[in-house]
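Have a look at the structure below, then the notes.
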Amino acid sequence: MLEIKNLHVKVGDQEILKGLDLTINTGEVHSIMGPNGSGKSTLAQVLAGRESYEVTEGEILFEGKDLLELAPEERAGEGIFLAFQYPVEIPGVANTYLLREALNSIRKYRGEEPLKHVEFGKLAKEKMDKMGMPDSLLRRSVNEGFSGGEKKRNEIFQMQVLEPRLAILDETDSGLDIDALKIVSDGVNALRSPERSFLVITHYQRLLNYIVPDFVHVLVGGRIVKSGGKELAIELEDRGYGWVEEESRQAVNN
Amino acid sequence: MDITLSTNGGGYREGYEEFKKNATGKGLAWLEAIREQGISRFSELGFPTAANEDWRFTNVAPIARTPFSLIRNGREKLSPRALKPYEFPGLETIDLVFVDGAYSEELSKTGTLPGGVRVENLARAFESDEGLVKEHLSAYADFTDEAFTALNAAFMEDGGFVYVPSGVRLEKPVHILFVTTSRTRPTIESPRNLIVVEDNASAEVVEQYVSLDESVYFSNVVTELVAGENSSVGHYLIERESKKAFNISTLRAEQKRSSNIRSHSVLLGGALVRNNIHPVLGGEGCDSLINGLYMSTGRQHIDNYMKVEHKSPHCDSRQFYNGVLDGRSRGVFHGRIIVHKDAQKTDAKQTNRNLLLSDNAQIDTKPQLEIYADDVKCTHGATIGQMDENAIFYLRSRGIPNETARDVILSAFTSGTIESMHVREIREYCENLLDDWFAQRRLAEKD
């Protein structure tokens with residue numbers, strides 16, 4: 001589904017990703033872990049199409065298509081969804097408006113008819129209940145005045161409505177208490193299916209107790225330095241990132 | 001023969017002497033006295049300069065150096081069709097139409113009015129409602145320090161007159177439309193409006209200023225609005241004049257006990273615009289909502305000068321002004337709140353938000369609180385920002401196309417000030433104006 005080859009990315013003068021390779025097959029859940037500043041969020045933003053990040057080398061294929069040629073809205077149309085680490089507040093734009101406009105833009109991209117108001121209302125209500133969010137949230141401005149937990153929950157709610165093929169979760173767990181973490185994880189797990197893939201970016205192993213990944217990768221210094229199964233996450237939790245960084249330095253020196 | 005008004009030679013006084021020979025309401029001593037005081041004060045004050053703190057950010061030299069013609073006759077006849085774009089679809093209004101400053105009987109439409117209600121042109125009211133006009137005209141819009149108000153007092157001839165007696169709820173909004181046709185030479189108009197809404201009465205009044213052509217002219221407007229006890233008045237100023245026009249406009253509202261006024265300004269046109277809003281909350285328990293939206297592009301200059309005067313206890317005022325500035329345009333927001341000694345328990349709030357769409361656009365925003373009472377709540381806040389690229393990326397990442405995302409963010413910013421308009425059709429009319437503005441901007445970007 002997703003193939004990233006030798007990806008180099010610069011922000012301003014600084015190179016953040018330095019030859020990243022990653023392949024995600026349909027139906028798989030991959031987790032990327034890594035210390036602060038290793039490039040985790042950069043990867044998420046580049047996948048979603050953020051223009052301030054400059055790809056200097058490498059390629060990204062999504063279902064065989066050159067992702068880097070597509071605008072952010074086209075990527076959404078193709079089925080990519082990013083749950084933001086810091087969801088943006090947009091005063092004056094109602095949640096419901098954003099979602100309906102988003103859903104119908106994606107449907108239009110795919111050559112489908114727009115969803116009628118009533119159908120959309122039903123769909124939104126159903127997903128909202130699942131996420132334990134009050135209906136009134138729909139009429140409120142996007143993320144405005146939301147608590148940190150509400151914002152993250154809102155991201156997963158949007159994901160449920162938009163039903164992407166590849167969902168990227170950028171530190172969705174950060175700042176959540178256990179209850180919120182559980183709701184968010186349940187929301188994600190409900191969407192797991194053989195047709196859908198996930199890229200779960202996190203700093204902490206805790207989230208992976210709830211969203212159990214098929215593969216875990218460690219990102220250090222802009223490159224994936226170690227990959228393994230879910231047990232790698234536990235090892236990282238126990239031993240920290242130091243030993244992986246050390247290993248990778250030795251590998252480079254050898 | 002048209003009269004020329006110019007700062008050269010004999011100055012405006014010379015033109016005034018000519019003007020007064022056959023001005024409307026001639027022979028009414030009280031009216032002639034106001035005009036005389038007006039021209040005298042204006043001659044003393046002259047046009048304001050940047051040395052005047054109230055005019056620090058707005059240079060009126062282009063007005064001062066332009067000789068204007070005061071049209072005396074030979075005005076163009078318009079067909080009702082020409083006014084179609086300025087109507088509010090689906091809304092029945094009481095219409096007063098002025099073409100190049102003069103009342104047009106044919107284009108106006110007042111219909112049958114509820115008992116005691118008067119809606120007519122001021123020149124006519126000088127005679128037919130002399131008592132009322134004499135009582136209120138120039139009783140509020142003080143021109144001791146206001147050159148443009150003095151100038152208006154000298155040259156005022158006509159405008160809208162609205163009188164709603166006690167206890168009457170005027171259902172249909174009054175629409176006072178000022179149209180300027182195509183002019184070959186710069187002209188001057190001095191519209192003067194008087195709106196009196198008595199105790200327990202209510203009314204909605206729209207003043208709209210439009211141009212049929214991109215002509216150079218000067219609208220120097222003064223409106224006096226009296227809101228009686230427990231009355232409710234909505235006032236709308238829609239300014240969509242030529243990009244070469246000068247518009248100086250003053251709304252002076254006098255509020256009696258427990259009255260409620262809502263002032264909405266939508267400023268889109270004009271080369272040089274100054275929007276003075278000056279409510280005086282004179283009785284206990286008044287409520288003032290002062291809303292405005294200014295959107296400028298090219299080399300437009302739009303200045304908003306608020307002077308909200310709290311004179312009595314327990315009054316609330318709310319100011320929300322939003323500006324969108326593009327091109328090399330410049331905006332000014334000067335928000336003055338004066339809380340007099342006796343105005344305890346005042347609750348005054350002021351918010352001015354600005355969105356700069358280009359690197360060359362500029363805004364000067366200045367709050368000014370003068371508080372002489374000791375138990376009051378006054379807050380003010382101003383923001384200046386650019387289009388939030390994070391918000392746009394967020395919307396795009398959800399599948400919403402770039403252009404739509406930008407429009408969504410823009411209209412979210414502008415809609416706040418429009419939403420509070422009570423009359424739906426007027427609100428929709430304004431929303432359409434904004435949509436046109438966005439569309440034109442997109443076209444300009446593609447060029």
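Options A:Arg50, A:Glu51, A:Glu89, A:Glu74 differ in how many heavy-atom pairs under 4.5 Å they form with chain B, and the most are formed by A:Arg50. Chain B forms the most heavy-atom pairs under 4.5 Å with one residue out of A:Ser52, A:Ala102, A:Pro164, A:Ala48, and that residue is A:Ala102.
A:Glu28 contributes a side-chain N or O that, together with a main-chain N or O of A:Asn25, makes up a donor-acceptor pair within less than 3.5 Å. B:Gln300 places a side-chain N or O within 3.5 Å of a backbone atom of B:Leu268 that can act as its donor or acceptor partner. Using a distance-only test at 3.5 Å, with no hydrogens or angles considered, no donor-acceptor pair links the side chain of B:Gln319 to the main chain of B:Ile290.
Put simply, the residue from B:Tyr321, B:Tyr294, B:Tyr305 that forms a ring-ring contact (aromatic ring centres under 6.0 Å, His included) with B:Phe333 is B:Tyr321.
For B:Glu419, there are no salt bridge (Lys or Arg N to Asp or Glu O under 4.0 Å) partners two or more places apart in sequence or in a different chain.
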In residues 103-112 of chain A, what donor-acceptor pairs under 3.5 Å come from side-chain atoms, sequence neighbours left out?
{"from": "A:Asn104", "atom 1": "OD1", "to": "A:Leu115", "atom 2": "N", "distance (Å)": "2.7"}
{"from": "A:Ser105", "atom 1": "OG", "to": "A:Glu101", "atom 2": "O", "distance (Å)": "2.7"}
{"from": "A:Arg107", "atom 1": "NE", "to": "A:Glu113", "atom 2": "O", "distance (Å)": "2.7"}
{"from": "A:Arg107", "atom 1": "NH2", "to": "A:Glu113", "atom 2": "O", "distance (Å)": "3.3"}
{"from": "A:Tyr109", "atom 1": "OH", "to": "A:Glu78", "atom 2": "OE2", "distance (Å)": "2.7"}
{"from": "A:Arg110", "atom 1": "NE", "to": "A:Gly77", "atom 2": "O", "distance (Å)": "2.9"}
{"from": "A:Arg110", "atom 1": "NH2", "to": "A:Gly77", "atom 2": "O", "distance (Å)": "3.3"}

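When heavy atoms are compared at a cutoff of 4.5 Å, B:Asp388 approaches chain A solely by way of its side chain, counted from C-beta outward. Both the backbone and the side chain of A:Leu98 come within less than 4.5 Å of a heavy atom of chain B. Only the side chain of A:Tyr97 comes within contact range of chain B, with at least one heavy atom under 4.5 Å from a heavy atom of that chain.
The contact list for residues 395-409 of chain B toward chain A, using heavy atoms and a distance under 4.5 Å, reads B:Leu395, B:Arg396, B:Ser397, B:Arg398, B:Gly399, B:Ile400, B:Pro401, B:Asn402, B:Thr404, B:Val408, B:Ile409 by residue number. Proximity to chain B among residues 124-153 of chain A is limited to A:Val142, A:Asn143, judged by heavy-atom separations below 4.5 angstrom.
In this structure, CG in B:Asn322 is found 5.0 Å from OG1 in B:Thr417, a value given to the nearest 0.5 Å. Note that NE2 of B:His310 and OG of B:Ser288 are 7.0 Å apart. Values are rounded to the nearest 0.5 Å.
In summary, B:Lys349 and B:Asp316 do not engage in a salt bridge, as defined by a charged side-chain N under 4.0 Å from a carboxylate O. In summary, B:Asp364 and B:Arg330 engage in a salt bridge, as defined by a charged side-chain N under 4.0 Å from a carboxylate O.
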(request) Determine, step by step, whether A:Lys5 and A:Glu3 satisfy the salt bridge (charged side-chain N to carboxylate O under 4.0 Å, His left out) criterion, reporting the C-alpha distance in whole Å, the side-chain angles of both residues, the deciding distance to 0.1 Å, and the verdict. (result) CA-CA 6 Å; A:Lys5 292 179 198 157; A:Glu3 259 184 288; 3.7 Å; yes

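In this structure, the side chains of B:Ile426 and B:Val206 come closer than 4.5 Å at one or more pairs of heavy atoms.
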